[in-house]
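Inspection log for the structure reproduced underneath, given as structure tokens.
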Amino acid sequence: MSIKEDLLFDFAVNMPRILVTGRTAVLDNVKKVMILTDEEIVVFNGQKYTALKGHDFIITQMKDERMLVAGEVEEIRFFTASQEDKDRRD
């Protein structure tokens, strides 16, 4: 296995996680893409959301609940939906 494959394999825990190195970000446990622009990406992880803000975002790969993103990451946020949002989903 290559170093990149090793890192991705170790990163397979079933929870919202992100690995950022240089101009590459790996988002794990992606269930649904909620917002996708060249400056913002928000994904749903099952119970929580992960948001990236920056610029020049390009999705280079999306497979097996994992998303590889190229671009300049400036901010990372993890958050949950409000109760009102949860009621709308049901």
Side-chain angles (χ1 to χ4, degrees):
M1 240 190 257
S2 71
I3 292 173
K4 185 176 179 180
E5 289 170 331
D6 255 351
L7 284 171
L8 293 176
F9 179 77
D10 290 341
F11 199 58
V13 177
N14 191 19
M15 60 186 303
R17 292 181 61 175
I18 184 166
L19 172 67
V20 179
T21 177
R23 292 185 47 87
T24 302
V26 180
L27 288 88
D28 206 22
N29 196 30
V30 174
K31 306 289 186 198
K32 183 188 249 185
V33 177
M34 306 301 289
I35 297 172
L36 177 61
T37 70
D38 63 341
E39 295 180 350
E40 182 176 24
I41 296 174
V42 178
V43 298
F44 181 60
N45 303 106
Q47 295 181 4
K48 297 188 178 205
Y49 295 85
T50 303
L52 295 178
K53 287 195 177 188
H55 52 87
D56 302 327
F57 288 147
I58 298 171
I59 296 175
T60 58
Q61 183 179 14
M62 190 163 177
K63 181 178 176 184
D64 299 329
E65 296 186 356
R66 181 169 288 135
M67 178 187 291
L68 274 66
V69 177
E72 190 69 34
V73 177
E74 295 173 351
E75 181 181 333
I76 301 168
R77 291 184 299 132
F78 298 97
F79 58 94
T80 59
S82 68
Q83 186 59 43
E84 184 179 302
D85 291 337
K86 290 177 186 176
D87 292 341
R88 277 190 226 148
R89 276 197 316 230
D90 294 336

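Along the sequence shown, residues carry numbers from 1.
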Measure the spacing between [atom1] of [X] and [atom2] of [Y] and express it to the nearest 0.5 Å.
{"X": "Lys53", "Y": "Glu74", "atom1": "NZ", "atom2": "CD", "result": "10.5 Å"}
{"X": "Glu65", "Y": "Lys31", "atom1": "CD", "atom2": "NZ", "result": "3.5 Å"}
{"X": "Glu39", "Y": "Glu75", "atom1": "CD", "atom2": "CD", "result": "12.5 Å"}
{"X": "Ile41", "Y": "Ile76", "atom1": "CD1", "atom2": "CD1", "result": "11.5 Å"}

Classify the angle between the aromatic ring planes of Phe79 and Tyr49 as parallel (below 30°), tilted (30 to 60°) or perpendicular (above 60°).
parallel

Quick one: does Gln47's side chain get under 4.5 Å of Thr80's, heavy atoms only?
no

Using side-chain heavy atoms (C-beta onward) and a distance below 4.5 Å, is Met34 in contact with Phe44?
yes

Check the pair Leu52, Leu27 against side-chain contact (heavy atoms from CB on, under 4.5 Å), reporting the backbone distance first and the verdict last.
CA-CA 10 Å; Leu52 295 178; Leu27 288 88; 3.7 Å; yes

Taking Thr50 for the side chain and Val43 for the main chain, is one N or O donor matched with an acceptor at less than 3.5 Å?
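Answer holds: no.
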
Among Val30, Asp28, Asn29, which residue meets the side chain to side chain contact (heavy atoms under 4.5 Å, CB included) test with Met67?
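So, applying the side chain to side chain contact (heavy atoms under 4.5 Å, CB included) to Met67 and each of Val30, Asp28, Asn29, only Val30 qualifies.
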
Once side chain to side chain contact (heavy atoms under 4.5 Å, CB included) is applied, do any residues pair with Ile35, and if so which ones, sequence neighbours excluded?
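Checked Ile35 against side chain to side chain contact (heavy atoms under 4.5 Å, CB included); matches are Thr37, Glu40, Val42.
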
